[in-house]
Amino acid sequence: MKIIEIILKLTFLVLAIYVIATGQVFGQWFMWLVYTAFILGIVLIFNKHESYGYPTNYPKMNRVFLIRRIEGVILVAGALVVFLHS
């Protein structure tokens with residue numbers, strides 16, 4: 001799951017840069033960005049192993065998982081808004 005999360009994050013970054021650079025809002029590549037955001041959001045919500053290398057006894061690990069879940073919910077909600085709007 002860790003590898004999938006990293007690949008999705010890199011894909012999201014590349015697609016976001018491409019969509020911003022070309023200005024193709026609501027084009028084919030924008031929709032691929034939305035699909036990637038939706039899948040990445042689901043992975044962030046349910047993945048228990050973070051892609052960052054925190055130490056074994058990191059004291060604020062619960063906060064990290066909470067932030068990941070919040071990020072995931074925001075990505076999924078944003079993708080659903082775009083799906084419903086288009």
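Scope of the values below: all heavy atoms of this structure, side chains included, with no hydrogens, waters or symmetry mates. What you are looking at is a predicted structure, and each value in this text was computed from that prediction instead of being measured. We number each residue from 1, following the sequence as shown.
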Mind checking whether E71 and I67 have side chains closer than 4.5 Å, heavy atoms only? yes
Going hydrophobic residue to hydrophobic residue with side-chain gaps under 4.5 angstrom, can you get from L10 over to I17? no
Is L8 linked to F83 within one hydrophobic cluster, defined over Ile, Leu, Val, Met, Phe, Trp and Tyr using a side-chain heavy-atom separation of less than 4.5 Å? yes
In Å, rounded to the nearest 0.5 Å, how long is the span from CZ of R69 to CD1 of I74? 14.5 Å
Answer whether the closest heavy-atom distance between the side chains of R68 and F46 falls below 4.5 Å. no
Quick one: CG on L44 to CD1 on I39, what's the gap to the nearest 0.5 Å? 12.0 Å
Going by heavy atoms in the side chains, are F30 and Y18 under 4.5 Å from each other? no
Common cluster, W32/L80, ILVMFWY with side-chain heavy-atom separation under 4.5 Å: yes
Here the pair of heavy atoms bringing L75 nearest to A37 is CB-O, 3.6 Å
Do F12 and F38 make the cut of ring centroids closer than 6.0 angstrom? no
Residues two or more places apart in sequence or in another chain: which of them pass side chain to side chain contact (heavy atoms under 4.5 Å, CB included) with I45? V73, V76
Establish whether I42 and I4 are linked, either directly or via other cluster members, by ILVMFWY side-chain heavy-atom contacts under 4.5 Å. yes
Once rounded to the nearest 0.5 Å, what's the spacing between atom NZ of K2 and atom CD1 of I6? 7.0 Å
To the closest 0.5 Å, what do you measure between CD1 (I20) and CG (L33)? 8.5 Å
Roughly how far, to the nearest 0.5 Å, is CG of N47 from CG of L40? 10.0 Å
